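Everything below concerns the one structure shown next.
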Amino acid sequence: VLGSDGGFEELQLEALRLRRSAKWRTYPADVLPAFVAESDFGLAPPIRAALAQAVEHGDTGYPFAAALGEVFAGFAARCFDWQVDPAAVRPAADVMSAIAELLRALSQPGDAVVVTPPVYPPFFSVPLEVGRRVVEAPLARHGSGYVLDLDALAAAFAAGARVMLLCHPHNPTGRSFRLEELSALAQLAARHEVVVISDEIHAPMTLPGARHIPYLSLGSEAAQRAVAVVGASKAWNIPGLKCALIVTASETMEARLRETLSVHLGYRVGHFGVLASLAAFGQGESWLDALRRRLDGNRALLAALLAERLPEVGFLPPEAGYLAWLDFRALPLGDDPAALLLEHGRVALSSGLTFGSGGSGFARLNFGTSPMILTEAVARVASGVAAVAAV
Ligand SMILES: Cc1ncc(COP(=O)(O)O)c(C=O)c1O
């Protein structure tokens with residue numbers, strides 16, 4: 001199954017179309033899906049082996065996650081030079097249900113939650129689901145990238161926000177926030193007693209040229225009022241198996257969560273998610289390295305293809321992950337390019353409108369696939385643009 005590069009080059013569309021996940025079943029078979037954040041790569045061999053063994057043994061009972069803290073701590077130390085206390089790691093079913101429970105535990109109904117649009121759409125819907133308000137502090141453009149707007153954050157915090165949802169690395173811009181920005185954020189959070197929930201699900205896919213700085217590694221002051229949510233689900237493509245991790249790094253936050261967080265959280269994890277996450281964090285690093293090389297190559301390929309076929313499309317190469325935030329505003333595709341490209345190019349991107357302020361005229365493309373399928377996706381975008389222009 002796996003070639004010399006780890007199986008990342010040779011994906012077959014006919015085989016991918018046999019998958020029954022959301023990516024492959026949401027649209028008709030003539031649409032090429034490049035929307036939801038699932039990747040197309042095969043399973044890492046240690047994960048495949050762990051799951052096959054579980055099926056072989058009829059090992060489909062309730063989850064037992066005791067080893068996850070230790071195994072994740074090893075990975076965090078090796079990959080991010082981040083010292084994690086294994087006892088301060090709690091399993092949850094997935095990142096967004098973890099965030100829902102953390103919001104319930106760390107804020108009150110009606111409290112304001114700050115988000116940094118354009119941002120992952122559930123950052124708007126999940127706070128609302130648990131009865132909180134959303135306040136936007138949009139990212140700012142600075143030089144070659146997006147940055148946290150510290151003035152906007154300060155204003156939102158001063159106005160009484162209780163929690164901030166940090167998306168780090170950031171979806172959809174692919175930004176890995178810098179030490180200065182994160183430190184300034186931590187100072188603001190301390191001054192205004194705001195809790196920072198740092199969603200670091202994309203961090204294992206930090207690409208060459210960037211460094212992931214875990215928010216909880218900023219120091220004990222920052223860690224007092226912060227929680228991180230991490231997991232193997234994005235990098236190793238196992239979101240359907242349901243396992244994320246909540247991490248703390250201070251006795252203050254540990255005590256708060258012990259008191260307030262639902263004890264049921266850990267029972268809602270998927271058993272296969274725990275088994276696969278143990279394999280990913282414990283034995284999945286060489287596969288992860290190959291993944292990062294492929295994504296680095298795809299990032300360059302995408303830039304080259306856009307320059308050649310769609311020079312009007314703005315693209316800031318992401319620093320982490322496989323999502324590309326494409327700016328179509330120089331083309332006549334209106335507010336929602338994804339809708340027109342689906343209709344006229346038979347390619348499904350994520351609509352920029354769902355990412356909040358700053359999303360109009362943008363669409364997000366998933367390049368977690370083979371070079372050939374990525375090339376086909378860009379060809380479809382180009383033919384969609386040409387078809388719209390001809391109307
Ligand atoms: C920033 C971010 N957080 C959370 C998720 C979803 O994670 P989960 O399926 O574990 O809720 C995604 C998925 O794309 C994401 O991009």
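Just so it is clear, the structure is predicted and the values come from calculations on it, not from any experiment. Both ligands and their constituent atoms are indexed starting at 1 by order of listing.
When side chains are defined from C-beta on, Val347 does not count as touching Glu376, because their heavy atoms never get closer than 4.5 Å.
Surrounding CD of Glu181 are more than 12 heavy atoms belonging to other residues, nucleotides or ligands, all under 6.0 Å away.
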Pick out the protein N or O atoms lying less than 3.5 Å from any N or O of ligand 1, and list each pair with its distance.
residue, atom, partner, partner atom, Å
ligand 1, 3 (N), Asp199, OD2, 2.5
ligand 1, 10 (O), Val95, N, 2.8
ligand 1, 11 (O), Val95, N, 3.2
ligand 1, 11 (O), Met96, N, 3.0
ligand 1, 14 (O), Lys234, NZ, 2.9
ligand 1, 16 (O), Asn171, ND2, 2.7
ligand 1, 16 (O), His202, NE2, 2.7

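Ring pair Trp287/Trp236 is parallel by interplanar angle, where below 30° counts as parallel and above 60° as perpendicular.
Ring centers of His202 and His212: at least 6.0 Å apart, outside the cut-off.
Between the side chain of Ser217 and the main chain of Ile213, no donor-acceptor pair closer than 3.5 Å is present.
Remark: of the listed residues Phe355, Phe315, Tyr120, Phe355 is the sole one forming a ring pair (Phe, Tyr, Trp, His ring centres under 6.0 Å) with Trp325.
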